[in-house]
Protein chains: 2
Amino acid sequence: MVNGFDVADLASQPADIASMIERRNGLLGPGYQLFYADPIEVTAARGVYLYGRDGTEYLDAYNNVAQIGHCHPRVVEAVSRQLATLNTNTRYLQKPLLDLAEHLLAHFPAPLDRVTLTCTGSEANDLATRIARHHTGAGGIIVTANAYHGVTSSVAAYSPSLGPGAPLGPHVRTIAAPDPAAYPDEVALIAAVRDDVRRAADDLTRAGYGVSACLLDTVFSSDGVFTHPPGVLRALADEVRSYGAVLIADEVQAGFGRTGDDWWGFARHGFVPDIVTMGKPMGNGYPVAAVVLRAEIGRAFETAVRYFNTFGGSTTAAVAAQAVVTVIEEEDLVARARQVGASLGDALRDLADGTDLIGAVRGVGMFYGVELSAGGSSGDNARIAREVVNRMRRAGVLISASGPQGNVLKIRPPLTFDQTHVDRLAETLAAALRSVDRTARKV
Amino acid sequence: MVNGFDVADLASQPADIASMIERRNGLLGPGYQLFYADPIEVTAARGVYLYGRDGTEYLDAYNNVAQIGHCHPRVVEAVSRQLATLNTNTRYLQKPLLDLAEHLLAHFPAPLDRVTLTCTGSEANDLATRIARHHTGAGGIIVTANAYHGVTSSVAAYSPSLGPGAPLGPHVRTIAAPDPAAYPDEVALIAAVRDDVRRAADDLTRAGYGVSACLLDTVFSSDGVFTHPPGVLRALADEVRSYGAVLIADEVQAGFGRTGDDWWGFARHGFVPDIVTMGKPMGNGYPVAAVVLRAEIGRAFETAVRYFNTFGGSTTAAVAAQAVVTVIEEEDLVARARQVGASLGDALRDLADGTDLIGAVRGVGMFYGVELSAGGSSGDNARIAREVVNRMRRAGVLISASGPQGNVLKIRPPLTFDQTHVDRLAETLAAALRSVDRTARKV
């Protein structure tokens, strides 16, 4: 992890934090990583803010679970009331699940007309690819080169961003995330994307796996955030379908209005996937996730296997997701993400114009990637990104970094961000870039 | 599913229920199964009761998620308070997670000293077997013949109870659940169990997979409930370990005091597993699950891969589980499961003495399996079991049926059951058995 605390730096921490980290390592093991060179103990949150134990206020421009703001009263109230009334599974008839399903599906274009509830985004992707295998009879999977789709065994095998410790399955092939900077124009980009899909699909076919599915995070978060030009994924989808494979849009990152264009990231690319998965922000922190699909795609799986998930679609999960969907509608958060996000994009591009540290600003709505590229090597750039992230954290603004080289600042605020938050974020980032200019680059 | 509603019977349902089922099938698809020949619309729950929309009170002797009773005020209050305060992930330091980890681990014997939080029991088993593969370098998995361990792709591949639609992986071998009725004495049973493990392990070795793990539901729920003699699993564990494999106790069903002997089902068998998984009742309905293990077993995985689960170990999940652990302690629910469970066992054995329908009563604490075996064929027995379950449902008492032949009544009440509940359950079961005696058997 680019932005992880290194336990070798334990001695640099205040005594209370150091002892908490030691206690944590003893109980949970060193595999549990913390954010930031100086980890934060959080004890409260509200709206766009996280609060440290010492009362420090952090502007949260990173947590994409609290999509409608931390501890949104509407969700807290709905979940609390439901927990006190009834919280059980889908083997009983329950109106809240049906209301949620109807309400959620109303935000999807035809022919996406069925939903299956899971508990986590990992489970949603795991189920989506099982369904795709049953539908196609094939086993091969295509993902982008640094994709992250989740942590079950099956999903980790097609999540290259987990690194070499979690090797890809023999049935997995990768394609490049669509980076317009690598091509002279959109026509060339689209041709390259199509070529790449054909290469991967032909290779899977030759290897005997066939192609069951292509999964795409429609904003390519862990690949470094690639959002333009809109429309490029339509060509990719056409190519994938020409192999009889299922197109799965992983909307765990892009969904629920984050792109500001629409509820789902695929929409701005002008195509309709066969399956859509979603998770993180769906319950604003309450664990709930889902697979939305065309009924026809699910038929083979439903007939042969069926699916039951104890917590997926439980009463409270349904109520939590219903509250989130309602708040996004009533607070008009998709439009807000578009408007405030446009201002965020402008502010980041202004910053880029004023420094040679930034090589590219990519993104849309409330999801931006700022690529740092002035360092002499990719290692330098990752170090600079880390330094920027940590300087901002010390100044009370939370972001992180990602991308295959770890040199892309990842900015992903709640959709309830306003102009004052954008200003504070931009000023803090500007100051961090100025300081880093004077220090880390010279190492 | 033995006890599923058949959509062909839609016309037999009241108009409001029928239209709700149709709406549900349209939104969720026919893969979403309902319990009972007459599905129940539930709208409220409290303690040991579920309530239908029409106000009907159902004594719930089946739902093992609401382990400490539906809507337990302690959990509702703790979760509601936390949701309004802070609910975020483990990348930040948070005291509630550490307090839970310490509190939970205090209920495990040495050398089980580490915990990793997941969101669901499926994720816990999925992670446990990934860890086992990394630790052993082997890939083979041994489970019992009708085991159920979860629904991720990887876990479904070693959950034979899902049926032929979800085929076992080539790296999976099954052994028989230890059924004392099949052997003259305990010595013969243990010898057979050891033989069975050797056969499976040798076969995996010959096939080149090696043996990474044996997973055991320590009460063998979906195999038909096998709990005696205590101690038999110690021999099995010894045999598994002689192959260098990891012994995983799946305590999703047996854990958190259900057996009445101890917090965990493995304890009554006198052995300590290498990894323990838990889920369903851990948050009494709030989604939270965990893997507990020896630090040494997790080292290879932690070093090479690490693990992060967005919802696993989030603030509210930790607080929910902490509340459950505290209630089990403060309400002395393990002892209660033992005492009331003994009375439940006596009542069921008394019933068995009075009817030729019951072939065996198996179980311990608050988990009983009642095998029906008077029918002419296994199909008859499953039909009788289904009829008993549905007659009891109509009389307001909820149980279900399982086992490879579907002829084992599965009784799994909240640990807060008292003697009056046992009496009502036993009387209702007796009446159902009497009625079924006069009808279904003669078909």
Side-chain angles (χ1 to χ4, degrees), chain A residues 17 20 23-24 27-35 39-45 63 65 71 76 79-80 83-88 90-94 98 101-102 105 114-116 119-120 123 126 130 151-154 162 165-166 280 285 287 295 298 302 304-307 309-311 314, chain B residues 17 20 23-24 27-35 39-45 63 65 71 76 79-80 83-88 90-94 98 101-102 105 114-116 119-120 123 126 130 151-154 162 165-166 280 285 287 295 298 302 304-307 309-311 314:
Chain A
I17 294 287
M20 202 168 174
R23 183 179 172 216
R24 179 177 151 115
L27 294 164
L28 310 176
Y32 261 79
Q33 281 205 289
L34 289 162
F35 278 148
I40 306 175
E41 183 189 358
V42 290
T43 55
N63 282 295
V65 170
C71 304
V76 172
V79 169
S80 300
L83 282 170
T85 308
L86 170 71
N87 186 25
T88 193
T90 62
R91 298 298 200 193
Y92 308 91
L93 285 168
Q94 298 191 66
L98 306 190
E102 200 164 84
L105 288 172
R114 284 275 170 79
V115 59
T116 294
C119 195
T120 68
E123 287 184 344
D126 193 298
R130 276 180 89 189
V151 291
T152 67
S153 301
S154 152
L162 291 173
K280 292 190 197 294
E302 253 171 17
V305 190
R306 299 180 187 272
Y307 182 80
N309 185 314
T310 299
F311 299 137
S314 72
Chain B
I17 294 287
M20 202 169 174
R23 183 180 172 214
R24 180 178 150 113
L27 294 164
L28 310 176
Y32 262 80
Q33 280 205 290
L34 289 162
F35 278 147
I40 306 174
E41 183 188 358
V42 290
T43 55
N63 282 294
V65 170
C71 304
V76 172
V79 169
S80 301
L83 282 171
T85 308
L86 170 71
N87 185 25
T88 193
T90 63
R91 297 299 200 193
Y92 308 91
L93 285 167
Q94 298 192 68
L98 307 190
E102 199 164 87
L105 288 172
R114 282 276 170 79
V115 59
T116 294
C119 194
T120 67
E123 288 185 342
D126 193 298
R130 275 180 88 189
V151 290
T152 69
S153 301
S154 151
L162 291 173
K280 292 189 196 298
E302 253 170 16
V305 190
R306 302 180 184 274
Y307 182 80
N309 185 313
T310 299
F311 299 137
S314 72

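Numbered from 1 within each chain, the chains take letters A, B, ... in sequence-line order.
- Between chain B and the residues Ala166(A), Ser153(A), Ala304(A), the largest count of heavy-atom pairs under 4.5 Å involves Ser153(A).
- Interatomic distance, Asn309(B) CG to Tyr32(A) OH, rounded to the nearest 0.5 Å: 7.5 Å.
- Annotation: the span from Thr90(A) atom OG1 to Leu28(B) atom CG amounts to 8.0 Å, rounded to 0.5 Å.
- Here the closest heavy-atom approach between residue Cys71(B) and residue Leu86(A) is recorded as SG-N, 3.6 Å.
- For a residue to count as touching a neighbouring chain, one of its non-hydrogen atoms must lie under 4.5 Å from one of that chain's; by this rule Val115(B) touches chain A with backbone and side chain alike.
- Per-residue heavy-atom pair counts under 4.5 Å with chain B were compared for Ser80(A), Pro39(A), Pro287(A), and the maximum is reached by Pro287(A).
- Looking only at heavy-atom pairs under 4.5 Å with chain A, the residue among Leu105(B), Thr88(B), Asn63(B) that has the most is Asn63(B).
- In plain terms, the two heavy atoms of Thr120(A) and Cys119(B) that are nearest each other are CG2-CB, 3.5 Å.
- Proximity of a side-chain donor or acceptor of Arg130(A) to a complementary backbone N or O of Val151(B) within less than 3.5 Å is detected.
- Of the listed residues (Ile17(B), Val305(B), Asn87(B), Val42(B)), the one with the most heavy-atom contacts under 4.5 Å to chain A is Val42(B).
- For Leu34(B), the parts sitting under 4.5 Å from any heavy atom of chain A are the backbone and the side chain alike.
- Of the listed residues (Gly298(A), Ser314(A), Pro30(A)), the greatest number of heavy-atom pairs within a distance under 4.5 Å of chain B belongs to Pro30(A).
- For a residue to count as touching a neighbouring chain, one of its non-hydrogen atoms must lie under 4.5 Å from one of that chain's; by this rule Val79(B) touches chain A with the side chain only.
- Between chain B and the residues Glu41(A), Gln94(A), Arg24(A), Gln33(A), the most heavy-atom pairs under 4.5 angstrom are made by Gln33(A).
- Ranked by non-hydrogen atom pairs under 4.5 Å with chain B, the options Lys280(A), Met20(A), Arg91(A) are led by Arg91(A).
- Neither the backbone nor the side chain of Ala295(B) comes within less than 4.5 Å of any heavy atom of chain A.
- Heavy-atom pairs under 4.5 Å with chain B were tallied for Leu83(A), Val76(A), Leu27(A); the largest tally goes to Leu27(A).
- For a residue to count as touching a neighbouring chain, one of its non-hydrogen atoms must lie under 4.5 Å from one of that chain's; by this rule Thr43(A) touches chain B with the backbone only.
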